[in-house]
Amino acid sequence: MLNFDRDDITPEILRELLDYDSNTGLLTWKPRKLKWFANEQVWKAWNTKYAGERAFKSKAVASDRLTGGVLSYRFYASRVAWAIFYGSWPTHAIDHINGDETDDRIGNLRDVPQGDNCRNASRRKDNTSGVCGVSWSKASGKWQVSISVNKQNRHVGTFERKADAIAARRDAEREHGFHKNHGRGT
């Protein structure tokens, strides 16, 4: 049996252990060679139970991202899919373009800095206006608009009409390079 640190798990090792279908986004376990196990009994038992079965089907605690273990280390399925498909680990955050964190098709994944990933976030569940960054102020009796850029919340403006507030927010999103899917429903 081989011992590995997390950093030793390369795309080549992932390709030896897993199949990735870039059209469906699903990962499945390949039959493993004896070298991956302490003995022949464990090797046979593992292959009988897992070879050909879907891998990375658990959801992460803090999100809907699929997660799973490789050689005793946990990874997000999206990062593993990226590494298998492109032959290198992503350098930044993996953004699910359509907002579905369980959709790991390669065409739905992009390797972007965390700030760009945040510019493609879905609307919060507690949002009452229907638009990110637009809220009603009881104190002023007007619609307030804000936007967060580089971890700083910026005031965009205050508006009598909701439509004007939404237009101002959309303008600010375009100005700051937000993805067209940003603010989609949860």
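Any value given below was found using the heavy atoms of this structure, including those in side chains, with hydrogens, waters and symmetry copies removed.
Under the 4.5 Å side-chain criterion, counting only non-hydrogen atoms from C-beta, Leu71 is not in contact with Asp8. Using a 4.5 Å heavy-atom threshold, the side chains of Thr128 and Trp136 count as separate. Within the 4.5 Å cutoff, the side chain of Ile13 has heavy atoms near those of the Trp36 side chain. Between Val134 and Phe159 the shortest side-chain heavy-atom distance does not fall below 4.5 Å. With contacts defined as side-chain heavy-atom distances shorter than 4.5 Å, the pair Thr102/Lys59 qualifies.
Looking only at distances, no side-chain donor or acceptor of Arg105 sits under 3.5 Å from a matching main-chain atom of Gly25. At least one donor-acceptor pair closer than 3.5 Å links the side chain of Arg169 to the backbone N or O of Cys132. Of the possible polar contacts, one joining the Asp111 side chain to the Thr91 backbone as a donor-acceptor pair under 3.5 Å is found. Between the side chain of Asp164 and the main chain of Ala168, no donor-acceptor pair closer than 3.5 Å is present. Side-chain atoms of Ser78 never come within 3.5 Å of backbone atoms of Ile94 as a donor-acceptor pair (strictly under, hydrogens ignored). At least one donor-acceptor pair under 3.5 Å links the side chain of Asn39 to the backbone N or O of Gln41.
No more than 12 heavy-atom neighbours from other residues, nucleotides or ligands sit within 6.0 angstrom of OH on Tyr50. Within a 6.0 Å sphere centred on NZ of Lys142, other residues, nucleotides and ligands contribute 12 heavy atoms or fewer. Within a 6.0 Å radius of OH in Tyr76, other residues, nucleotides and ligands contribute 12 heavy atoms or fewer.
Connection of Trp89 to Leu27 is established within a shared hydrophobic cluster, with ILVMFWY side chains joined at heavy-atom distances below 4.5 Å, either directly or through further cluster members. Grouping the Ile, Leu, Val, Met, Phe, Trp and Tyr side chains by contacts below 4.5 angstrom, directly or via other members, places Leu66 apart from Leu109. Tracing side-chain contacts under 4.5 Å through hydrophobic residues (I, L, V, M, F, W, Y), one reaches Phe85 starting from Val80; they form part of the same cluster.
The two residues Gly69 and Arg74 have their closest heavy-atom pair at N-NH1, 3.6 Å. Here the closest non-hydrogen pair linking Pro31 and Ala51 is CA-CB, 3.7 Å. Here the closest heavy-atom approach between residue Ala77 and residue Asp104 is recorded as CB-OD2, 3.4 Å. Here the closest non-hydrogen pair linking Asp103 and His96 is O-CD2, 3.2 Å. When all heavy atoms of Lys35 and Glu16 are compared, the closest pair comes out as CE-OE2, 3.2 Å.
Judged by the 6.0 Å distance and 45° axis criteria, Arg65 is not positioned over the aromatic ring of Phe56.
Distance CD1/Ile147 to CZ/Arg170: 10.0 Å, rounded to 0.5 Å. Between the CG atom of Leu14 and the CH2 atom of Trp82 there is a distance of 15.0 Å, given to the nearest 0.5 Å. Atom CH2 of Trp143 and atom OG of Ser137 lie 10.5 Å apart (nearest 0.5 Å). Here Ile97 contributes atom CD1 and Arg110 contributes atom CZ; the two are 6.0 Å apart, rounded to the nearest 0.5 Å. Taking OG of Ser146 as the reference point, atom CD of Gln152 lies at 13.0 Å (rounded to 0.5 Å). Atoms OG1 and CZ, on Thr67 and Arg79 in that order, are 11.5 Å from each other to the nearest 0.5 Å.
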Please assess Lys30 against Leu17 for the test side-chain contact (heavy atoms from CB on, under 4.5 Å), listing each intermediate value before the final yes or no. CA-CA 5 Å; Lys30 288 183 175 180; Leu17 301 177; 5.9 Å; no

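Ring-plane geometry between Trp46 and Phe37 is classed as tilted, the angle between the planes lying from 30 to 60 degrees on a 0 to 90 degree scale.
Under the 3.5 Å distance criterion, with hydrogens and angles disregarded, no donor-acceptor pair is assigned to the side chains of Asn108 and Asp100.
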